[in-house]
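Working notes, beginning with the structure itself.
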2 protein chains.
Amino acid sequence: MPETARRTDRHSATRYGNRPTMKDVAARAGVGLKTVSRVVNGEPGVTPETEQRVQEAIDALGFRRNDSARVLRKGRTASIGLVLEDLADPFYGPLSRAVEEVARAHGALLINGSSAEDAEREQELGLALCARRVDGLVVIPAGDDHRYLEPEIRAGVATVFVDRPAGRIDADCVLSDNYGGARTGVAHLIAHGHRRIGFIGDMPRIHTAAERLRGYRAAMEDAGISVADAWMSLGVTVPERVRTAAEEMLSGPEPVTAIFTGNNRVTVTVIRVLAEHSRQVALVGFDDIELADLLRPGLTVVAQDSAALGRTAAERLFRRLDGILAGPERLELPTRLIARGSGELPPAD
Amino acid sequence: MPETARRTDRHSATRYGNRPTMKDVAARAGVGLKTVSRVVNGEPGVTPETEQRVQEAIDALGFRRNDSARVLRKGRTASIGLVLEDLADPFYGPLSRAVEEVARAHGALLINGSSAEDAEREQELGLALCARRVDGLVVIPAGDDHRYLEPEIRAGVATVFVDRPAGRIDADCVLSDNYGGARTGVAHLIAHGHRRIGFIGDMPRIHTAAERLRGYRAAMEDAGISVADAWMSLGVTVPERVRTAAEEMLSGPEPVTAIFTGNNRVTVTVIRVLAEHSRQVALVGFDDIELADLLRPGLTVVAQDSAALGRTAAERLFRRLDGILAGPERLELPTRLIARGSGELPPAD
DNA sequence: TAGAGCCTGGACAACGTTGTCACGAGCGGG
DNA sequence: CCCGCTCGTGACAACGTTGTCCAGGCTCTA
């Protein structure tokens, strides 16, 4: 049997373990290859006796269909990719989970990767997923140039951007109402008597940060308050920088009486600063935080629904895969102000 | 050109979009198929001029190698699977991220899925990943019978269980020291003068819950305290049940003066109950919680390092793939007691 | 200048699956 | 009794890639 021997050798050389194939099952059951395929896929046209023989062979050999081969033949992989910033961030966990649930409902698997807020890594990941021939891609942009995805989109990879818009290409995106949310949050502070309000946010090149700043400015303008430069601080959201920014706003001759924070990482740091601070300072944060209601005072936030973002994006992706949609569109989801105490504190002076 | 026409028809019928293949690139560049392959994979033996011609064709056509086909040919998929309970749970986010980082360091992609704490869904997911021919599998068990993975493991799928041990099969697993951690946490309460200490945990069929209960009992026994049945409550960790359990322990003629909570979901609910409660009750929770230091009093916890769990498991998986390891092993990672105030409160009476 | 050896490039088979098609058996109706 | 039909089954090609192997052209040396 040189044929068999050769085959075994090859296997033990290049793989680890010999997975049985349909050919093996067919040989054992004494039927043709296609008949096994029919049984495995539940296609009609097989007598019960034949089916049983095949099934027994499958069980005996521990056969499992190789989906890689199937995909190669069929074209669709029944999997979608998700590129996000950091799975460990509590904002993205629910988002990822929501995408997964929608994928599951459509019989698809989710492959996800973290870009670590690095544009190059985002691209690397997105393209790796395309090489795996995912049917669609949900991207939370880290970079601001997504032309690298153009050939993929043209080739039929349904692509939806979430949380931040796509850069330099025209594509579907699902965003929160960052501008409106920030505006509402700041207006809430103004309504409680504050006029000197600080804003601490992320780097302005990040779309969400820019939009939230725009909302802050709009709310201040609505109230006829002119904004001092010292009240605004934009930059990386590492604790050290945020801490310094907060302390500067709170000192000096005309300190702010309230702070609006641009995302959850900033909010947490500012809470720590305020806890060490003697004077009461009002605080409204963008993004909800677990246990926000257990703090004293409770934390008032502008909450975005990250699960809804994920769900909406994934649903749009599958509708696009089904060929129902026309041109790219931008969807905006509302935010919600949740008053818990910290945003309702009156000005201290 | 009937050949070309037919090919195009086929494509637009069964796929969406015509991805160019190496054949197309080869035709455009006027070289052979294998030469394109060599360029794409950076193999030696191609003159710079030829390479440039090929590269131009690749760019012009927007070609991207089809990894499905590659995998079929090569045997390894350079991807690993992760089956966990719920990505939205803050305990699993960092774990997943840690696994991803290790995978990335080994040039592999991570595919993950949530079992939603459902044994059937765990099996479905695990087998789907095997059908995709992942090289390895990290499983956080939901069910307690993993014999369904036996054929896969025999076939060479490196498998590591995390957080909870595998059921009814012999396999690698990486666990936290649940017993020791709980014992230390409860001993901490005893050291601060408590004798009537409650325990609220998850369903006892879950391994971690059983181990933590065992730790509780051991610490109590060490101190010569006999445990009343009313002090222990095991069951689903939905807020309603936990709330009821806590309130029962805190009422009656001999209420507990301290509570040890069996996981983060329980802890959060108990904090809420205690906040509404007049008498001071000490609390130590298993699992750390974000912002635990900002509560008043700060929350004392027995922290497990979920990222380390993931990292350790993934590293073991890749070492197994490299064929370095012998038999299955059980690794146990230490926990760490973090005192922040709530666990150091003295008994109220 | 001829022969040896090297380097580049291409033809071909194989990976495991599925779609197409054809074949043979059984059967009912003309 | 034969034609045509249905039904179960299997042979074969194709999906896009990579490993093997061979051919042809080049350089270098004797």
Side-chain angles (χ1 to χ4, degrees), chain A residues 3 6-11 13-15 17-27 29-54 58 61 63-78 130-133 155, chain B residues 3 6-11 13-15 17-27 29-54 58 61 63-78 130-133 155:
Chain A
E3 176 61 26
R6 195 170 127 254
R7 185 161 187 283
T8 307
D9 279 341
R10 173 86 51 84
H11 264 240
T14 69
R15 340 213 142 192
N18 292 6
R19 310 263 350 190
T21 73
M22 285 192 176
K23 204 161 153 187
D24 300 326
V25 173
V31 301
L33 197 54
K34 187 65 223 256
T35 301
V36 177
S37 171
R38 273 191 270 261
V39 171
V40 169
N41 294 295
E43 290 170 22
V46 182
T47 47
E49 303 88 68
T50 310
E51 175 169 354
Q52 197 194 333
R53 257 209 337 278
V54 172
I58 288 176
L61 295 172
F63 167 81
R64 188 166 314 285
R65 183 180 63 196
N66 183 333
D67 276 357
S68 284
R70 173 169 221 248
V71 152
L72 179 58
R73 186 63 228 257
K74 301 207 77 158
R76 286 213 187 189
T77 58
C130 289
R132 293 292 168 106
R133 293 295 186 269
Chain B
E3 176 60 27
R6 195 171 127 256
R7 183 159 189 285
T8 307
D9 280 339
R10 173 88 48 84
H11 264 239
T14 68
R15 341 214 141 190
N18 290 6
R19 310 268 342 194
T21 73
M22 284 191 177
K23 205 159 150 188
D24 301 326
V25 174
V31 301
L33 197 53
K34 188 63 225 263
T35 302
V36 177
S37 171
R38 274 192 269 260
V39 172
V40 169
N41 294 296
E43 289 171 21
V46 183
T47 48
E49 301 88 67
T50 309
E51 175 168 354
Q52 196 194 334
R53 255 205 346 275
V54 171
I58 289 176
L61 295 171
F63 167 80
R64 188 164 314 285
R65 183 180 61 197
N66 184 333
D67 275 357
S68 285
R70 173 167 221 249
V71 151
L72 178 59
R73 185 62 227 260
K74 302 207 77 157
R76 288 212 185 189
T77 59
C130 289
R132 292 293 168 103
R133 293 293 186 269

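Keep in mind that this is a model prediction, so the values were computed, not measured. Proteins come first, then strands; the chains are lettered A, B, ... in the order of their sequence lines, and each starts at number 1.
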For Arg132(A), salt bridge (charged side-chain N to carboxylate O under 4.0 Å, His left out) partners two or more places apart
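Arg132(A) satisfies salt bridge (charged side-chain N to carboxylate O under 4.0 Å, His left out) with Asp67(B) once adjacent residues are dropped.
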
Nearest-angstrom distance from the residue atom [atom1] of [X] to [atom2] of [N]:
X         : N       : atom1 : atom2 : value
Met22(A)  : dA14(D) : CE    : P     : 20 Å
Glu43(B)  : dT8(C)  : CD    : C1'   : 13 Å
Arg53(B)  : dT8(C)  : CZ    : C1'   : 12 Å
Leu72(A)  : dC15(C) : CG    : P     : 14 Å
Arg19(B)  : dA14(D) : CZ    : P     : 23 Å
Asn66(A)  : dC15(D) : CG    : P     : 18 Å
Arg73(B)  : dA14(C) : CZ    : P     : 9 Å
Arg133(A) : dT17(D) : CZ    : P     : 7 Å

Table of protein N/O atoms under 3.5 Å from nucleotides 25-27 of chain C N/O atoms:
none

[X] side, atom [atom1]; [Y] side, atom [atom2] - distance, nearest 0.5 Å:
X        : Y         : atom1 : atom2 : result
Gln52(B) : Thr47(B)  : CD    : OG1   : 10.5 Å
Asn66(A) : Cys130(B) : CG    : SG    : 11.5 Å
Arg73(B) : Ser37(B)  : CZ    : OG    : 10.0 Å
Arg65(A) : Arg19(A)  : CZ    : CZ    : 13.0 Å
Leu61(A) : Asp24(A)  : CG    : CG    : 6.5 Å
Arg70(A) : Thr77(A)  : CZ    : OG1   : 11.5 Å

For the residue pair [X] and [Y], what are the closest heavy atoms and their distance?
X        : Y        : result
Thr35(B) : Thr50(B) : CG2-CG2, 3.9 Å
Phe63(B) : Val40(B) : CE2-CG2, 3.9 Å
Leu72(B) : Ala69(A) : CD1-CB, 3.7 Å

Quick one: which protein N/O atoms are closer than 3.5 Å to N/O atoms of nucleotides 24-28 of chain D? Pair and distance per line, please.
none

Does the side chain of Arg76(A) reach to within under 4.5 Å of the side chain of Val71(A), using non-hydrogen atoms?
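In short, these two side chains do not touch, never coming nearer than 4.5 Å.
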
For [X] and [N], is the shortest distance between a side-chain N/O and OP1 or OP2 below 4.0 Å?
X        : N       : answer
Arg70(B) : dT18(D) : yes
Lys74(B) : dG19(D) : yes
Asn41(B) : dT18(D) : yes

Difference in axis direction between the ends of the helix from dT1(C)-dA30(D) to dG30(C)-dC1(D), five pairs, 10°
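The end-segment axes of the helix from dT1(C)-dA30(D) to dG30(C)-dC1(D) are tilted 60° relative to each other.
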
Taking only residues at least two apart or on different chains, which pairs with a member in residues 43-54 of chain B satisfy salt bridge (Lys or Arg N to Asp or Glu O under 4.0 Å)?
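Listed once each, the pairs are Lys34(B)-Glu43(B).
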
Spell out protein contact along nucleotides 4-11 of chain D as letters: B when the base is contacted, S when just the sugar-phosphate is, - when no protein heavy atom is under 4.0 Å; keep the 5' to 3' order.
----SBBB

